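Below you'll find the structure, written out as structure tokens, and then a few comments.
Remember, predicted model here, so these are calculated numbers, not experimental data. Reckoned from all heavy atoms, side chains included, excluding hydrogens, waters and symmetry mates.
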Number of protein chains: 2
Amino acid sequence: MPEDFPRINPVRLLDDLKTLRSFGATGPGVVRLSLSPVDIEARRWLAGRMTDAGLDAAIDGVGTVFGRSRKRGPALVIGSHTDTQPTGGWLDGALGVIYGLEIARAFGECEATREFAVDVASWIDEEGTFSSFLGSRSFTGEAIDASLHGARNHEGLLLGDALAQAGLANAPRVTLDRMRQRAYLEPHIEQGGRLEASAKSIGVVTTIVGIREFQVRFTGQRNHAGTTPMAIRRDAGAALVAFIARIDDAFDRLADADTVWTVGRIDLDPGSFSVVPGKATLNLQFRDGNAGRLHAMDNALAGLVDEWNAQHAVKAELIACDGAEEPVTMDAGLQRHLAQAAEALAPGQWTHMPSGASHDAQVIGHHIPACMLFVPSIGGVSHDFIEDTAEQHIVLGCEVAAQAAARIAEALSHD
Amino acid sequence: MPEDFPRINPVRLLDDLKTLRSFGATGPGVVRLSLSPVDIEARRWLAGRMTDAGLDAAIDGVGTVFGRSRKRGPALVIGSHTDTQPTGGWLDGALGVIYGLEIARAFGECEATREFAVDVASWIDEEGTFSSFLGSRSFTGEAIDASLHGARNHEGLLLGDALAQAGLANAPRVTLDRMRQRAYLEPHIEQGGRLEASAKSIGVVTTIVGIREFQVRFTGQRNHAGTTPMAIRRDAGAALVAFIARIDDAFDRLADADTVWTVGRIDLDPGSFSVVPGKATLNLQFRDGNAGRLHAMDNALAGLVDEWNAQHAVKAELIACDGAEEPVTMDAGLQRHLAQAAEALAPGQWTHMPSGASHDAQVIGHHIPACMLFVPSIGGVSHDFIEDTAEQHIVLGCEVAAQAAARIAEALSHD
């Protein structure tokens, strides 16, 4: 255990966050989509700040900014992403990267941590402008060739062309060195309202929930809404509405307080006042931290569809969509270091909680021990220009992350 | 009562229907939108056929083709529309107009009916390409100036410009002469599946149902679908789904077998897998032949919204849309003539029934006694290229209409 802990510089931390915000600033929010000109500008600035901090920094062949410590290691990697959603907030992703930068600086300024290695990363495209988690997938050696050759952004630009335009086509790709990089910490805004609702300042993440996405498509008979008696209709929209009630009943029985499910979209065809819908489609997503419960929900949903089709003339079809993710448990030892630091700096003001959102930590957590720390989101808002976090929470989160990083680095040095 | 009845010529009837079909034929269907070049061509052909039949025919200043009998009157008007839906069938509207033409010819060829006046009309734009019921509204003296100056079709063409392009800008408009035109008959395809389901060949319409159209808009809180626990959500989509169940319960209690209601469209905002909808809108239409029941349904719906808002954080707003129509009862005496003719020619194969669809008869029925006769639609399909009616039903329908017309004309001659 270090005798003292690295002290972060709140002014320097907030200055860097605000400078990063200026790249793509749009009102209170930020539009800084992966590999857009302003994103590339921001990456160059970030690499410069990493270099100033004494890291060997570069933008790699997929766009990730990686600042490697010159210390021997073992290394703790701290990172997140600096690119944003189409209507992004200023802290989603950016917070964790600048925390990493500030912690690397603070480590170098502290006698007890000066020799510990902290590598800092801004993983490209967690948000999926081209291909979700591209940077962390590339780093951990997962297959990305299909993305490189086929993924396009909303404007139709190919990922490969975007990288070439940014001059990155031949840049080397940074890859995980398991002998050196032994642990990963991703600080992030909560993106939900739990911390605020329970008046906590810090969340120690237990698990990143798994996700399922399905469409349920109903096929009935399109008919004139005036001339078709209720008794002989096969209304696909009415079937869809009735089916949602069955989903709610079944999932309610399986759920715990952290289970979530969402019907985010409904399309009735043809979608006019005076036509009984012949087709109807709903988009269903559900998330849970427990793999067994997710599988039980998969089975329940398939069972509901079978049961429905045995009972009704309007037929239902279940379509599993891409992007199913299993839950990823955060490393118990790393969680303990985060909890100790949180209790030391914010006694009683922190809590364990799942992450309902996806993060690069779920990719990296498959390869090395990973952990996450959350700070509160005002009003629980994210993916919106008005996303924000109180300055005192931004500073406290970095202090907790720095102390936890020191505890983790110390522990790694004894392994 | 005429000693014998006019005999229609099935070959001539079907030939004219098939010739009319050729204007705008698209596969088995027809695309002949109001005032389009092919519609104007069809109107010129129709005016020629009326002239051949001995009528004084012209296309009037709004596009209606009106063939006035040279007989003194009182006159029975027989009509419907020859323009179509964007994906129209060959008989929707066309059937009633060509029945009128054939009956006018048959009247002239029959000793007993030779002196009776039958005027024949193809009312412009019942389907609302520019402005619903334009022709019948113009004929009966309802206000159409706003339509003439402001109505546009889907391509943005102004109604006034379309009429000018067709050379009709200065044509006189035909208007109802109450002293002469004493009754209106509109034969039409059923556009539903009731006659077919009950193995009947003829429907005698009792009432044209009234219509209500509403939007119900729900405002909750848009949130991240992963990070927002179920317990603190204000999901506008979930509210909408629950509200539909309440509508169904309330309307079920008020309905009879002919009452219909339809949720034809649902929009969740923003409409993605991973966002809890912050706004949700449904389009609700309901129809009934009983004005009292329609008002009770209006009140029930308003009550459900008030009750909802008293109970829920997601708020509902009820928006009445344009186009509410009160039910229009068909003239009892005219119904009796239709029923007698149906029983004479198709004993036991006819039924009384409401019209769930809208027709020019509901406009004209506010001004002079009106009635409608239905023939079966195969599979109940209409507003679709595959709409069709068996030839034997087309011929039988015209025979019944002709005999009823003779009974009506005879009765009018004694008034």
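Neither the backbone nor the side chain of Phe374(A) comes within contact range of chain B; no heavy atoms are under 4.5 Å apart. In this structure, chain B has a heavy atom under 4.5 Å from the backbone of Thr259(A), while its side chain stays farther away. Neither the backbone nor the side chain of Ala231(B) comes within less than 4.5 Å of any heavy atom of chain A. Of the two parts of Ile211(B), neither the backbone nor the side chain holds a non-hydrogen atom closer than 4.5 Å to a non-hydrogen atom of chain A. Heavy-atom distances place no part of Ser358(B) under 4.5 Å from chain A, backbone and side chain included. Contacts of Leu240(A) with chain B are absent, with no heavy-atom separation under 4.5 Å from either backbone or side chain. Of the atoms belonging to Val275(B), it is backbone heavy atoms, and not side-chain ones, that fall under 4.5 Å from chain A. At a 4.5 Å heavy-atom cutoff, the contact between Pro277(B) and chain A is made by side-chain atoms alone. Only the side chain of Ser382(B) has a heavy atom closer than 4.5 Å to any heavy atom of chain A. For Asp258(B), no part lies under 4.5 angstrom from a heavy atom of chain A. With a 4.5 Å cut-off on non-hydrogen atoms, Ile266(B) touches chain A through its backbone and its side chain both.
The two residues Ala225(A) and Gln285(B) have their closest heavy-atom pair at CB-OE1, 3.6 Å. Closest approach of Val276(A) and Thr262(B) over heavy atoms only: CA-CG2, 4.1 Å. Listed here is the closest heavy atom pair of Phe214(A) and Phe273(B): O-CE2, 3.4 Å.
Of the residues considered (Gly380(A), Ser274(A), Ala238(A)), Ser274(A) shows the highest number of contacts with chain B, using heavy-atom pairs under 4.5 Å. Among Gly271(B), Gly237(B), Ala197(B), the residue with the largest count of heavy-atom pairs under 4.5 Å with chain A is Gly271(B). Of the residues considered (Gly264(B), Ala257(B), Gly192(B)), Gly264(B) shows the highest number of contacts with chain A, using heavy-atom pairs under 4.5 Å. Per-residue heavy-atom pair counts under 4.5 Å with chain A were compared for Gly193(B), Gly356(B), Ala280(B), and the maximum is reached by Gly356(B).
Heavy atoms from other residues, nucleotides or ligands lying under 6.0 Å from CZ of Arg265(B) number 12 at most. Within a 6.0 Å sphere centred on NZ of Lys279(A), other residues, nucleotides and ligands contribute 12 heavy atoms or fewer.
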(request) Could you check Arg233(A) against Val260(B) for side-chain contact (heavy atoms from CB on, under 4.5 Å), going step by step and ending with a plain yes or no? (result) CA-CA 10 Å; Arg233(A) 292 185 178 195; Val260(B) 291; 3.3 Å; yes

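Atom CE of Met353(B) is separated from atom OG1 of Thr227(A) by 8.0 Å, given to the nearest 0.5 angstrom. Taking CZ of Arg287(B) as the start and NE2 of His224(A) as the end, the distance is 5.0 Å to the nearest 0.5 Å.
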